[in-house]
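For reference, the structure is listed below as structure tokens.
Numbering of residues begins at 1 and proceeds along the displayed sequence.
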Amino acid sequence: MSEGQVSVSGNREAVSLLVDCDTGIDDALALAYLCSQPQVELVAVSSTPGNVAAEQVARNNLSLLELCGRPDVPVAIGARAPLRIPLVTTPETHGPQGIGYAELPEPRGKVDEVDAVELWVETVRSRPGELTAMLTAPLTNFSLALRAEPRLPELLRGVVIMGGSYYYQGNTTPTAEWNTHVDPDAAAEVFTAFSGLPEDRLPVACALETTERIELTPEHVAAFAAEAGCTEPELVLPDQPEGRRSTASNELVRHVSDMLRFYFEFHRHYGQGYVAHIHDYFAASVATGTARYRTRTATVHVETAAPKLIGTTVADFRGLWGEPPNARIVSENHPQEAFVELVRSLGGLARRLENPAV
Ligand code: RIB
Ligand code: CA
């Protein structure tokens, strides 16, 4: 069992991240969180099709990074579709633009001319052992990078994946989680690429059985706005008319609130209550080392053929298949700590963006 934890000194260790996301609401929250962490070097953000099409993902990434004061971070696009099967997006979950009701400013920056897969491979080759991959999307781009550079598992400092569901109901089919369902072949190739490596080289997998424990509520939104210095309470409530827009005095609070209202409505519509599972934020807290968690080593299989089981992930924790482990699956996390961290960090960022002197 291995456990990630905040360093005892309270000084957070520097981490250099390559991020691949399909921005979406929880990806957006994760990116904003990364921008709030001074110890994080955000090396590049690549855009994989998933929640919305790749071009929309990239636009969301550019706009959000500019909103969070990071127009310097390169944003790239690689694949426009999964490796084999057609792309399926989910406007019902994240909204037609992938950011709920938020209407982010038109980005001033442009998508990087370098293809995301080439960007990943060249960057990792140039900084062996330094970079951590944070993957909160279908694994299309990462699998293509592995094909181009099979040494990636050894060249990367670490890999954190949001995806999969282990002995827990899926959120896309009864057994499959969204990211592995959108591109099951890519997910299968990624786990296979890590097969047999030493435990500390295996990807840390944040899957639904633990990410759905990070269940954000309207109270957290109110606390975030207060931490940002908003004078009026930020009320996102189930009995308010759907689609109501925030009037918060702080711009980041306004946009995040408009994203989350859509996400709350989606979760309620699917019988999960007026809550929001912020999966990718948890993966970001693991990648930055600010979350405490435990993992269990396993051999992961991703189903790519059986029609009703496409994208289903199964973990062999006991070596019954006689195959070497290829993942470390998060088995324990701490939701309350996660929300204290999120509110304090995001609230502080929102406040600083409008009062740089603080
Ligand atoms: O199943 C949740 C995952 O799928 C998250 O990464 C969410 O953004 C979607 O991509
Ligand atoms: Ca995502």
- [ ] Using distance alone, with no hydrogens and no angle criterion, decide if S47 and N61 have a side-chain donor and acceptor under 3.5 Å apart.
- [x] yes

TODO: Look only at the side chain of R328 and the backbone of L202, and say whether a donor-acceptor pair between them is shorter than 3.5 Å.
DONE: yes

Open item on the list: Taking I161 as the starting point, is it possible to reach L197 by hopping between hydrophobic residues whose side chains are less than 4.5 Å apart?
Closed with: yes

Task: Side chains of V182 and V88 in contact at under 4.5 Å (non-hydrogen atoms) - done: no

Open item on the list: So does L235 get a backbone contact from the side chain of Q240, meaning a donor-acceptor N/O pair under 3.5 Å?
Closed with: yes

Open item on the list: For G50, is there any backbone N or O sitting under 3.5 Å from a side-chain donor or acceptor partner on T89?
Closed with: no

Task: Same apolar cluster: V253 and L342, side chain cutoff 4.5 Å - done: yes

Open item on the list: Pairing donors with acceptors under 3.5 angstrom, does anything connect the side chains of E199 and T297?
Closed with: yes

Open item on the list: Under 3.5 Å, is there a donor on one side chain and an acceptor on the other for T136 and D27?
Closed with: yes

Under 3.5 Å, sequence neighbours excluded: what are the donor-acceptor pairs made by side chains of residues 215-229?
from: E215; atom 1: OE2; to: H277; atom 2: NE2; distance (Å): 2.8
from: T217; atom 1: OG1; to: E219; atom 2: N; distance (Å): 3.3
from: T217; atom 1: OG1; to: E219; atom 2: OE1; distance (Å): 2.8
from: T217; atom 1: OG1; to: H220; atom 2: ND1; distance (Å): 3.2
from: H220; atom 1: ND1; to: T217; atom 2: N; distance (Å): 2.9

- [ ] Let me see the working for D72 and R70 under salt bridge (Lys or Arg N to Asp or Glu O under 4.0 Å), right down to the final yes or no.
- [x] CA-CA 5 Å; D72 56 299; R70 295 304 309 278; 2.7 Å; yes

Open item on the list: Using a strict threshold of under 4.0 Å (side-chain N to carboxylate O), is an ion pair present between E106 and R59?
Closed with: yes

TODO: Would you confirm whether S63, through its side chain, and N60, through its main-chain N or O, come within 3.5 Å as a donor-acceptor pair?
DONE: no

Open item on the list: Quick check with a 6.0 Å cut-off and a 45 degree axis cone: is R296 positioned over the face of F317's six-membered ring?
Closed with: yes

TODO: Look at the side-chain heavy atoms of Ile, Leu, Val, Met, Phe, Trp and Tyr, link any pair under 4.5 Å apart, and say whether F339 and Y274 land in one connected group.
DONE: yes

Open item on the list: Testing the 3.5 Å rule here: is there a donor-acceptor pair between the side chains of S246 and E234?
Closed with: yes

Open item on the list: Whether the side chain of T313 engages the backbone of S165 through a donor-acceptor N/O pair (distance < 3.5 Å, no angle test) should be reported.
Closed with: yes

Open item on the list: Can you confirm whether the side chains of S345 and Q37 place a donor and an acceptor under 3.5 Å from each other?
Closed with: yes

TODO: Decide side-chain hydrogen bond (donor to acceptor under 3.5 Å, both in side chains) for T247 and E232; before the verdict, give the C-alpha distance in whole Å, the side-chain angles of both, and the deciding distance to 0.1 Å.
DONE: CA-CA 9 Å; T247 58; E232 292 300 310; over 6 Å; no

Open item on the list: Between E149 and R125, does the salt bridge (Lys or Arg N to Asp or Glu O under 4.0 Å) criterion hold? Intermediate values first, please.
Closed with: CA-CA 9 Å; E149 178 49 89; R125 281 175 179 160; 2.7 Å; yes

Task: Spacing of W321 atom CH2 and T299 atom OG1 [to the nearest 0.5 Å] - done: 7.0 Å

- [ ] Would you kindly say whether E341 and Y33 are connected by a side-chain donor-acceptor distance under 3.5 Å?
- [x] yes

- [ ] Apply salt bridge (Lys or Arg N to Asp or Glu O under 4.0 Å) to E41 and list each qualifying residue two or more places apart in sequence or on a separate chain.
- [x] R127

Open item on the list: Less than 3.5 Å apart, any donor N or O on the side chain of Y168 or E212 sitting next to an acceptor on the other?
Closed with: yes

- [ ] Kindly compute the distance separating OG1 (T192) from CG (L146), expressed to the nearest 0.5 Å.
- [x] 10.0 Å

Open item on the list: Less than 6.0 angstrom separating the ring centers of Y270 and F266, yes or no?
Closed with: yes

TODO: Would you indicate whether the side-chain heavy atoms of R245 and Y101 approach each other to under 4.5 Å?
DONE: yes

Task: Donor-acceptor contact below 3.5 Å, side chain E303 vs main chain A306 - done: yes

TODO: Kindly assign one of parallel, tilted or perpendicular to the pair H94 and Y263, based on the angle between their ring planes and the thresholds 30° and 60°.
DONE: tilted

TODO: Could you give me the CA-CA distance, side-chain angles and deciding distance for E337 and R213, then say whether salt bridge (Lys or Arg N to Asp or Glu O under 4.0 Å) is met?
DONE: CA-CA 12 Å; E337 292 176 10; R213 301 183 70 230; over 6 Å; no

Open item on the list: E103 vs R254, test: salt bridge (Lys or Arg N to Asp or Glu O under 4.0 Å). Steps then yes/no.
Closed with: CA-CA 10 Å; E103 295 171 44; R254 214 163 39 247; over 6 Å; no

- [ ] Using only heavy-atom distances, determine whether the side chains of T172 and H181 contain a donor-acceptor pair under 3.5 Å.
- [x] no

- [ ] Spell out, as yes or no, whether a donor-acceptor pair under 3.5 Å connects the side chain of R201 to the backbone of P153.
- [x] yes

TODO: Check the hydrophobic clustering (I, L, V, M, F, W, Y; side-chain heavy atoms under 4.5 Å; chains of links allowed) and say if L34 and L65 are grouped together.
DONE: yes

TODO: Give a yes or no on whether the backbone of A79 and the side-chain of N141 come within a donor-acceptor separation of less than 3.5 Å.
DONE: yes

Task: Distance-only polar pair, side chains of Y293 and T210, donor-acceptor under 3.5 Å - done: no

TODO: Indicate yes or no for a side-chain donor-acceptor contact from N51 to the backbone of T90 under 3.5 Å, with no hydrogens or angles considered.
DONE: no

Open item on the list: Within the supplied structure, the quantity of interest is the number of heavy atoms (other residues, nucleotides, ligands) at a distance under 6.0 Å from E55 CD; does it exceed 12?
Closed with: yes

Task: N/O donor-acceptor pair under 3.5 Å between Y166 side chain and V330 backbone - done: no

Open item on the list: To the nearest 0.5 Å, what is the distance between CD1 on I278 and CG on L260?
Closed with: 7.5 Å

Task: Min side-chain heavy-atom separation T48-V57 under 4.5 Å - done: no

